[in-house]
Amino acid sequence: MEGEKLSRLLLAPLLIFCVLLVVSTSGIGVNWGTQSTHPLGPSTVVKMLKDNGIQKVKLFDADPNILDALKKSGIQVMVGIPNDMLYTLATSTQAAEKWVSKNVSAHISSGGVDIRYVAVGNEPFLSTFNGTFESTTLPALQNIQAALTKARLSNRVKVTVPLNADVYLSSSDKPSDGDFRPNIHELMLQIVKFLSDNGAPFTVNIYPFISLYADSNFPVDYAFFDGFQSSINDNGKVYDNVFDANHDTLIWALQKNGFGNLPIIIGEIGWPTDGDLHANLQYAQRFNQGFMSRYLTGKGTPMRPGPLDAYLFSLIDEDAKSIQPGNFERHWGLFYFDGQPKYQLNLGSTRTNGLVGASGVHHLSKRWCIMKPSANLNDDQVPPSIAYACQNADCTSLGYGTSCGNLDARGNISYAFNSYFQANDQMDGACKFPGLSVITDKDPSTGSCKFRIMIESVSAKKLASIRTVLFVFFLLSLL
């Protein structure tokens with residue numbers, strides 16, 4: 001009996017640990033972006049989230065329609081403040097109080113929206129911004145915090161700043177040589193201290209894909225979680241994937257500056273499926289499932305072995321996003337624009353072993369706009385017509401190594417025409433490229449290249465009407 005008692009005593013803490021592990025690692029988050037010509041309705045997306053057992057969502061603004069759809073959903077929410085609002089919120093406490101009242105207090109009190117965080121800005125210290133937001137981010141953060149305190153919400157809602165991983169670096173390939181970027185070092189310490197003083201987390205966006213995209217010599221396997229053979233040994237800590245190394249470079253940067261215990265949220269992590277040689281369905285599934293398997297075990301990283309808090313990027317493709325960083329920007333979604341899953345992925349939900357697509361989504365008719373078979377490839381109107389179509393629609397699936405990279409010249413032109421035609425709700429007037437185009441009911445898709453049909457979207461009809469007017473002016477300019 002004594003031995004049995006001892007066994008129970010030893011087993012009890014283990015069982016408690018296992019229960020805590022399951023609780024703490026459950027509920028992966030996702031980023032819900034809305035830069036689409038034909039966005040899915042908010043209620044449709046919320047149902048998708050619930051059907052897939054997703055318990056946390058990160059937004060890039062505070063759209064009232066989206067927040068209304070999240071009422072009483074049980075989904076935890078991080079609302080966002082765009083960078084272009086930072087100056088106003090940094091220079092006016094009244095503006096900050098008004099923003100909190102309208103976008104946080106009202107939704108918590110009236111509709112039961114479970115807002116947990118306010119994301120002040122989005123990667124405001126990117127090198128490409130040339131310091132534009134360096135003087136306004138911290139004051140905006142302070143004013144929003146003060147507004148939350150005044151509204152008696154500071155214990156419930158925490159502030160944070162989603163930062164790109166370029167705010168820190170290592171002088172070698174070892175995480176232990178990590179520190180904050182020299183040109184923003186002091187600013188980062190002020191922000192980190194502020195977050196620490198207010199019980200708020202450090203939010204970082206980590207993208208192994210970008211390492212591969214930016215450096216042709218980057219070892220492909222190091223970007224994934226399969227166990228890179230040429231691992232890095234950093235004083236006994238072994239790194240066989242770039243996510244762990246990147247994450248722990250941040251841990252070292254925090255630790256060296258006296259904030260080694262600051263909570264960390266992985267604000268964005270994912271892999272795109274098109275628009276680049278390395279952006280494809282196979283790599284995306286490999287990366288995201290590798291990350292999810294790691295996430296669900298609660299393994300963490302060598303420097304911080306506990307469970308991670310993370311938001312996958314992203315939920316749905318966004319065909320209106322800027323492609324300045326690269327054509328892959330419009331293809332980060334786990335789901336296509338119509339809410340259908342791209343590949344199988346286990347998110348750890350007890351409800352399903354794979355992704356569940358959106359329900360109740362209606363596509364337009366099976367019609368496509370293609371290059372007229374009799375049209376001449378050398379027609380003078382071809383170059384300006386393609387340029388116009390691609391400037392006003394999405395042609396990012398065309399190019400070397402993309403899903404439609406193997407099309408011939410006619411196929412490329414047809415894809416461009418159809419992209420514009422679908423973006424404009426298949427209006428007949430959107431397939432009248434002078435002497436070059438024709439509408440067909442035969443699907444021109446081939447192999448991996450899909451000529452997709454747009455979905456019905458009430459919010460897109462006004463935009464389509466404006467585009468049609470512009471298209472008429474374009475046609476007149478060619479005459």
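Since we're looking at a predicted model, the values are computed, not measured. Along the sequence shown, residues carry numbers from 1.
To the nearest 0.5 angstrom, Thr44 atom OG1 is 9.0 Å from Ile316 atom CD1. Annotation: the span from Leu296 atom CG to Asn346 atom CG amounts to 6.5 Å, rounded to 0.5 Å. If you take CZ on Phe335 and NZ on Lys342, they are separated by 10.5 Å, rounding to the nearest 0.5 Å. The CG atom of Leu153 sits 11.0 Å away from the NZ atom of Lys158 when rounded to the nearest 0.5 Å. In this structure, the separation between CH2 on Trp271 and CZ on Phe328 is 11.0 Å, given to the nearest 0.5 Å. Atom CG of Leu169 is separated from atom CZ of Arg181 by 8.0 Å, given to the nearest 0.5 angstrom.
Side-chain contact check for Lys58 versus Pro162: some heavy-atom pair is nearer than 4.5 Å. Within the 4.5 Å cutoff, the side chain of His247 has no heavy atoms near those of the Tyr239 side chain. Here the side chains of Ser36 and Phe337 are not in contact, with every heavy-atom distance at 4.5 Å or above. Side-chain contact between Asn143 and Leu89 is absent, with no heavy atoms from C-beta onward closer than 4.5 Å. Counting only heavy atoms from C-beta outward, the side chains of Pro139 and Thr91 never approach each other to under 4.5 Å. A 4.5 Å side-chain heavy-atom check between Tyr400 and Leu277 finds at least one atom pair inside the cut-off. With a 4.5 Å cut-off on side-chain heavy atoms, Ile191 and Phe125 count as touching. Taking 4.5 Å as the limit, every side-chain heavy atom of Leu250 sits out of range of all side-chain heavy atoms of Ile206.
Side-chain atoms of Asn52 come within 3.5 Å of backbone N or O of Val356 as a donor-acceptor pair. Judged purely by atom type and a 3.5 angstrom limit, Ser92 has no side-chain atom pairing as donor or acceptor with the backbone of Thr88. Remark: side-chain polar atoms of Ser419 are not paired, donor with acceptor, to backbone N or O of Tyr415 under 3.5 angstrom. The main-chain N or O of Ile28 is never found under 3.5 Å from a side-chain atom of Gln55 such that the two would form a donor-acceptor pair. Judged purely by atom type and a 3.5 angstrom limit, Asp274 has no side-chain atom pairing as donor or acceptor with the backbone of Thr402. No donor-acceptor pair under 3.5 Å is formed between the side chain of Lys72 and the backbone N or O of Ala69. Side chain of Arg294 to main chain of Lys299: no donor-acceptor pair is present (N/O by atom type, distance under 3.5 Å, no hydrogens or angles). A donor-acceptor distance shorter than 3.5 angstrom exists from the side chain of Asp234 to the backbone of Ser176, with no hydrogens or angles considered. Using a distance-only test at 3.5 Å, with no hydrogens or angles considered, a donor-acceptor pair links the side chain of Asn31 to the main chain of Gly267. In this structure, the side chain of Asn257 engages the main chain of Ala253 through a donor-acceptor pair within 3.5 Å.
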Requested in this report: Step by step, work out the side-chain hydrogen bond (donor to acceptor under 3.5 Å, both in side chains) result for Asp319 and His38.
Outcome: CA-CA 9 Å; Asp319 67 341; His38 291 68; 5.2 Å; no
Query - Full working for side-chain contact (heavy atoms from CB on, under 4.5 Å) between Leu312 and Leu347 - result: CA-CA 10 Å; Leu312 295 175; Leu347 297 179; 3.8 Å; yes
Query raised in the report: Can Ile251 and Ile264 be said to form a side-chain contact (heavy atoms from CB on, under 4.5 Å), step by step?
Result: CA-CA 9 Å; Ile251 299 294; Ile264 292 174; 3.3 Å; yes
Requested in this report: Report the C-alpha distance between Leu70 and His107 in whole Å, list the side-chain angles of each, state the deciding distance to 0.1 Å, and finish with yes or no for side-chain contact (heavy atoms from CB on, under 4.5 Å).
Outcome: CA-CA 10 Å; Leu70 286 163; His107 293 285; over 6 Å; no
Requested in this report: Evaluate side-chain contact (heavy atoms from CB on, under 4.5 Å) for Val242 paired with Leu212, printing each intermediate quantity in order.
Outcome: CA-CA 10 Å; Val242 72; Leu212 192 57; over 6 Å; no
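Between Asp338 and Arg452 there is no salt bridge, since no side-chain N of the basic residue sits under 4.0 Å from a carboxylate O of the acidic one. The existence of a salt bridge linking Lys237 and Asp248 is excluded, since no basic side-chain nitrogen approaches an acidic carboxylate oxygen closer than 4.0 Å.
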Donor-acceptor pairs are to be reported for all side-chain atoms of residues 194-204 against protein atoms at under 3.5 Å, with residues two or more places apart or in another chain.
residue : atom : partner : partner atom : Å
Asp197  : OD2  : Lys193  : NZ           : 2.8
Asn198  : ND2  : Phe194  : O            : 2.8
Thr203  : OG1  : Thr160  : OG1          : 2.7

Donor-acceptor contacts, no H, no angles, side chain residues 75-85, under 3.5 Å, sequence neighbours left out:
residue : atom : partner : partner atom : Å
Asn83   : OD1  : Asn122  : N            : 2.8
Asn83   : ND2  : Asn122  : O            : 3.0

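Every residue two or more places apart in sequence or in another chain was checked for a salt bridge (Lys or Arg N to Asp or Glu O under 4.0 Å) with Lys256, and none qualifies.
Across Ala393 and Ala423, no two heavy atoms sit closer than the pair CB-CB, 4.3 Å. Here the closest heavy-atom approach between residue Ala147 and residue Ala96 is recorded as CB-O, 3.7 Å. Across all non-hydrogen atoms, the minimal contact from Tyr168 to Thr249 is CD1-CG2, 3.7 Å. Of all the heavy atoms in Cys404 and Asn412, the pair that sits closest is O-OD1, 4.2 Å. Nearest heavy atoms, Asp114 versus Arg156: OD1-NH2, 4.4 Å. Nearest heavy atom pair, residue Val104 against residue Leu148, reads CG1-CD2, 4.2 Å.
Pairs of residues two or more places apart, or lying in two chains, that qualify as salt bridge (charged side-chain N to carboxylate O under 4.0 Å, His left out) and include a residue from residues 87-103 are Glu97-Lys150. Note on residues 303-316: pairs passing side-chain hydrogen bond (donor to acceptor under 3.5 Å, both in side chains), not counting sequence neighbours, are Lys56-Asp309. The list of side-chain hydrogen bond (donor to acceptor under 3.5 Å, both in side chains) pairs with a residue in residues 206-225, not counting sequence neighbours, reads Tyr207-Glu268, Asp221-Arg286.
In this pair, Phe287 and Phe225 present their aromatic rings tilted. The plane angle is within the 30 to 60° band.
Residue Asn406 qualifies as open at atom CG: its count of foreign heavy atoms under 6.0 Å is 12 or below.
When each of His331, Glu329, Arg330 is tested with Thr396 by the rule side-chain hydrogen bond (donor to acceptor under 3.5 Å, both in side chains), just one qualifies, namely His331.
The distance between the ring centers of Tyr87 and Phe133 does not fall below 6.0 angstrom. Aromatic pair Tyr388/Tyr420: centroids less than 6.0 angstrom apart.
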